[in-house]
Each structure stands twice: as structure tokens, then as C-alpha cells.
Amino acid sequence: CGHCKLIKPIWDVVAMELKESTDINTAKIDATKLDHLTLTKWQITGFPTFLLVKDGLVYTFEEERSIDNFLQFAKNPTSTGTPIPPPQTIIDKALFHIETAIADVKLIVTHKLEAVLVISLFSFLFGTLFGLLFLIPIPKKSTSATPINK
């Protein structure tokens, strides 16, 4: 994104200085290629996001983006750290999708109640007609010949 491209020269200087003077490693990750669950677990809501992982905690950079501020933050984070998110499990993914679906339904019901009512009505009518078609017995044609008595 444009913001990421603007900060790249500053970040490159910060990365070089940290590499030369400390044991702090830096990395660039293209978060646009991460799934929504990962972004949520790491609390990434915008780009670029700068995180420091140190001593089992994650710190978010929230200062003015300058070389000096980045260097100071890397050496001594001032924000409150949060625990590193645990690895994702299949249950995490399932729960995330269920929670997302519930939130979507709530949003639709809250903001588009008329649409929900119209769709529900048509679904009810269609289901009723479809059900009646299968409930009404269709007479079977008899294939056996009836003897004619004279």
C-alpha cells in the first residue's frame, strides 16, 4: 500500500541500525496474504502495523514514525505488551467462522430487516409449494389388463 511504500526507506535504516548495534531482528511480512483470523489474533487492523515480540509479549508501535522513535521502541517498548497469540487450531478456525457468520446475520437483521422479511416470506412460500408437490399422491396407472366377462 502507499503507506507501506512511504515508510520503507525509514524502516530499512532502522533495520540496518538494529542489526549492526543490537541482537534485535527485524522482518517485513506482507499481511495482505494472511487470513483474517491471523490478522485478528495479532490485532492487525491497518497497514503498516509495527509489532515487537519480546519476552513472550507483543508490543504495538503507536508513536510518530521516525527512525529515532522506532529505535527507542525496539530497545525499550513503552506500550503495554499482550501475550503472543497461540497457534491456530482447526477449532479456532471453526469458531472464528461461526462467530463471523453470527455477526453477519446480526448485521443484516439490524440494518436490512425488510430484506430479511421478504426473503423469509418467499422461502416459506417456496418451501410450502415444494412440500405440497411431494405430499400430494400421484395416482399410478394400472398396467394389468382387466378381463372382460361376456
Side-chain angles (χ1 to χ4, degrees), residues 1-140:
C1 72
H3 297 291
C4 299
K5 290 177 184 174
L6 285 174
I7 200 68
K8 185 183 180 316
I10 293 173
W11 186 252
D12 289 343
V13 171
V14 170
M16 185 63 73
E17 287 194 27
L18 288 173
K19 183 178 181 179
E20 291 173 356
S21 64
T22 69
D23 61 351
I24 299 172
N25 295 315
T26 60
K28 292 182 229 175
I29 299 172
D30 185 356
T32 62
K33 298 193 187 304
L34 299 176
D35 61 47
H36 190 69
L37 177 58
T38 302
L39 296 175
T40 302
K41 286 183 99 169
W42 283 87
Q43 299 177 0
I44 297 172
T45 57
F47 303 110
T49 297
F50 298 93
L51 303 174
L52 173 68
V53 179
K54 182 177 181 179
D55 300 327
L57 297 175
V58 179
Y59 301 90
T60 303
F61 181 79
E62 297 172 344
E63 305 294 324
E64 180 184 337
R65 295 174 181 171
S66 69
I67 293 172
D68 290 337
N69 285 348
F70 278 125
L71 292 172
Q72 183 63 31
F73 173 75
K75 294 173 186 174
N76 186 23
T78 56
S79 63
T80 304
T82 58
I84 295 174
Q88 293 178 20
T89 65
I90 192 73
I91 294 171
D92 291 332
K93 290 181 182 182
L95 288 174
F96 178 78
H97 290 296
I98 290 168
E99 289 168 359
T100 302
I102 290 170
D104 288 346
V105 168
K106 286 181 180 177
L107 182 69
I108 291 169
V109 169
T110 303
H111 295 291
K112 302 290 182 185
L113 185 58
E114 298 85 12
V116 171
L117 294 174
V118 169
I119 291 170
S120 298
L121 177 65
F122 278 111
S123 298
F124 173 76
L125 292 174
F126 180 75
T128 302
L129 289 173
F130 194 69
L132 288 174
L133 286 174
F134 287 105
L135 288 176
I136 297 173
I138 300 172
K140 294 183 179 181

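- A distance of 10.5 Å separates CD1 in I29 from OG1 in T38, rounded to the nearest 0.5 Å.
- Within the model, atoms SG of C4 and CG of D30 stand 8.0 Å from one another, a figure rounded to the nearest 0.5 Å.
- Nearest heavy atom pair, residue I10 against residue R65, reads CD1-O, 3.9 Å.
- Annotation: I91, atom CD1; neighbour count of heavy atoms from other residues, nucleotides and ligands within 6.0 Å does not exceed 12.
- In terms of heavy atoms, K75 sits closest to L18 at CE-CD2, 4.4 Å.
- A salt bridge links K41 with D92; the closest basic N to acidic carboxylate O contact falls under 4.0 Å.
- The side-chain heavy atoms of V58 and L52, taken from C-beta on, include no pair separated by under 4.5 Å.
- Under 3.5 Å, the side chains of S66 and D68 contain no donor-acceptor pair of N or O atoms.
- Between F126 and F130, the angle of the ring planes stays under 30°, which puts this pair in the parallel group of the 30/60° scheme.
- The line from CD of Q72 to CD of E63 is 9.5 Å long, rounded to the nearest 0.5 Å.
- Pairs passing the ring-ring contact (aromatic ring centres under 6.0 Å, His included) check and including a residue from residues 63-107, sequence neighbours excluded, read W11-F70, H36-F96, F50-F70, F61-F70, F61-F73.
- Considering all non-hydrogen atoms of both residues, P48 and I7 come closest at CG-CG2, 4.0 Å.
- Residues K93 and T89 form no side-chain contact, since every pair of their non-hydrogen atoms from C-beta on lies 4.5 Å or further apart.
- Taking both residues in full, the closest heavy atoms of L57 and I84 are given as N-CG1, 4.1 Å, listed atom of the first, atom of the second, then distance.
- Taking all atoms of both residues into account, the shortest heavy-atom contact from L51 to W42 is CD1-CE3, 3.9 Å.
- The environment of I67 atom CD1 is dense: over 12 non-hydrogen atoms of other residues, nucleotides or ligands sit within 6.0 angstrom.
- Counting all heavy atoms, side chain and backbone alike, T60 lies closest to S79 at O-OG, 3.3 Å.
- Taking CG from L107 and NZ from K112, the interatomic distance works out to 9.5 Å, rounded to the nearest 0.5 Å.
- Using a 4.5 Å heavy-atom cutoff, the side chains of D12 and E17 are not in contact.
- Annotation: side chain of L37 is in contact with side chain of Q88 (closest heavy-atom distance under 4.5 Å).
- Distance check: L121 CG to L117 CG gives 8.5 Å after rounding to the nearest 0.5 Å.
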